[in-house]
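Here's the structure we're looking at; comments come further down.
Only a predicted model underlies this, so the values are computations on that prediction, with no experimental measurement involved. Computation of the quantities below employed the complete heavy-atom set of this structure, encompassing side-chain atoms and omitting hydrogens, waters and symmetry-equivalent molecules. Proteins come first, then strands; the chains are lettered A, B, ... in the order of their sequence lines, and each starts at number 1.
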2 protein chains.
Amino acid sequence: MSHSRRYYGQYCGLASALDIIGERWTLLIVRELLLGPKRYGELLAALPGVGTNLLADRLKFLVENGVLTKPASRDQGYALTEIGQQLRDPVLKLAHWGMGFLGQPGEDLEVRPHWGFLAVQAMIDQERAGDVDEAYEFHVDDVVFHIHVVDGQAKALEGFYEGEAAMIARTDAYTFVEIGAKRLTPFEALASGRLSMTGDVESIMRCSVLLGLAAGMSTA
Amino acid sequence: MSHSRRYYGQYCGLASALDIIGERWTLLIVRELLLGPKRYGELLAALPGVGTNLLADRLKFLVENGVLTKPASRDQGYALTEIGQQLRDPVLKLAHWGMGFLGQPGEDLEVRPHWGFLAVQAMIDQERAGDVDEAYEFHVDDVVFHIHVVDGQAKALEGFYEGEAAMIARTDAYTFVEIGAKRLTPFEALASGRLSMTGDVESIMRCSVLLGLAAGMSTA
DNA sequence: CTGCATCCGCCTCGATACTG
DNA sequence: CAGTATCGAGGCGGATGCAG
């Protein structure tokens, strides 16, 4: 029973938030669960380097504090509660901010295709959602997700779009994140064959604008 | 000389962000600097419990990574860079989320009046900014700040409003944060004399709505 | 085999003392 | 006033053990 966890002891919202999700690994656990419920083993696999005890501790603590729910049955997983889901917005904002610090692709950095799904959610600038009804589909390695723009609102969803996507982009996880980090422009990725896109040119432009990738391309 | 700091080693925006601002105390340092430049000693005073060496380490690291600038002259302080300022949004979102976890006022919890300024910024829901041009002034202990709503945009600013505020609220730091945490309604605070308000009733209502405090009051 | 608890070496943290 | 040096305590990471 590990009592006497380190608290900041400040009557302030931020300090209070950090008392819950400020410890090492915690927000990365949340990141994984933002993409859907996951079992203990799946989390362990998605978080290389985490200690098994530490993961168990974090999960217990988050359950106790109403951020997560325990697996209901054997074949389910930990899931975010309503309160936990409310971390989506701040986490995406942090992720967006952090993209500017992504280092060299290099060596021992882990990449997972489904992180691309989070990257896209982080990159979406709702203010730039045009007044159209169309979808952009992304195939990152073996993971598929899409953005559906309708009524001036852009939503990111897992899986294929139920209908015909106005654009389909195919790439690998590494290239995808690299584009998000603006270490690589979509144009360069296309030219080097690491990215392929099909669809309407104007749709591609609208998608680029939506994701803040339009710099360096001809302005629409 | 910080050797071999702990990194997550994931090619992901969130992990990358946490490599920069994920360590203990770092986001609280950012919180303080969001309210303006501060010197080493001021930070030390605003962060009870932080070690002097740790504060120095964090500051050096944040400067090296372009989040902060060193004090330009002796009588200035550390300041956020452009990149550092971009943490405002995610930090405010986190602070807002964390208000739900604020514990009992109790005993040894530190409170600072200027945290109320951050709390207000975190509570503002821009979507609910009405189509008016008015300001709400807050006097929290000896700290004064105000919200100015104009063109459907609400801005929080330090100091007095240059003009006549449509509402003036006076309270102490503890009560203020307690209201933000929704452990206390403005109505209860008024009744117990811990909060006093002057101004137009409709303006007070609009301010309450803007800050998400209208629940339990008559809907406008 | 999955899900977690226990143990241990190491590194970070927090407090104090010290220096420019 | 603004940091640096040092050291005990405890959180972290990896290996291992154990129950369902």
[X] [atom1] - [N] [atom2] separation (whole Å):
X	N	atom1	atom2	answer
B:L59	D:dA2	CG	C1'	11 Å
B:L44	C:dA17	CG	C1'	15 Å
B:E42	D:dC1	CD	P	10 Å

Using 4.0 Å as the upper bound for N to carboxylate O, is an ion pair formed by B:D57 and B:K60?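 Salt bridge: no.
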One thing to verify: whether B:R6 and B:E23 come together as a salt bridge, which I'm taking to mean a side-chain N less than 4.0 angstrom from a carboxylate O.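 Salt bridge absent between B:E23 and B:R6.
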Are more than 12 heavy atoms, taken from residues, nucleotides or ligands other than A:E64, located less than 6.0 Å from that residue's CD atom?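 Count over threshold, so yes.
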If you look only at distance, which donor and acceptor atoms sit under 3.5 Å apart when one is on a side chain in residues 78-87 of chain A and the other is two or more places apart or in another chain?
residue	atom	partner	partner atom	Å
A:T81	OG1	A:G66	O	2.6
A:T81	OG1	A:V67	O	3.1
A:T81	OG1	A:I83	N	3.3
A:T81	OG1	A:G84	N	3.1
A:Q85	OE1	A:R88	NH2	3.2

Could you walk me through whether A:R170 and A:S196 pass side-chain hydrogen bond (donor to acceptor under 3.5 Å, both in side chains), step by step? CA-CA 5 Å; A:R170 293 168 211 276; A:S196 78; 4.6 Å; no
Would you say A:R58 places a side-chain N or O within less than 4.0 Å of OP1 or OP2 belonging to D:dC12?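 For D:dC12, OP1/OP2 do have a side-chain N/O of A:R58 under 4.0 Å.
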Under 4.0 Å from OP1 or OP2 of D:dG11: is there any side-chain N or O of A:Y7 that close?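 Answer is no, no contact under 4.0 Å.
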What does the inter-axis angle of the helix from C:dC1-D:dG20 to C:dG20-D:dC1 come out as, five pairs per end, nearest 10 degrees?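 Axis-to-axis angle, ends of the helix: 30°.
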Scoring nucleotides 13-20 of chain D by protein non-hydrogen atoms under 4.0 Å (B base, S sugar-phosphate only, - none) yields BBB-----
Going by ring pair (Phe, Tyr, Trp, His ring centres under 6.0 Å), A:F145 matches just one of A:F138, A:F160, A:Y136, A:W115. Which one?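 Exactly one candidate clears the test, A:F138.
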Counting C-beta onward and ignoring hydrogens, is there a side-chain heavy-atom pair between B:L43 and B:L33 closer than 4.5 Å?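 Touching, per the 4.5 Å side-chain cut-off.
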Is the NZ or CZ atom of A:R24 both under 6.0 Å from the centre of the six-membered ring of B:Y8 and within 45° of that ring's axis?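 Yes.
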Compare the minimum distances between each of C:dG3, C:dC4, D:dT4 and the side chain of A:R39, then state the nucleotide with the smallest one.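 Closest nucleotide among those given: C:dG3.
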Choosing from C:dG3, C:dC13, D:dG3, which nucleotide comes nearest the side chain of B:E23?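 Side chain of B:E23 sits closest to C:dC13.
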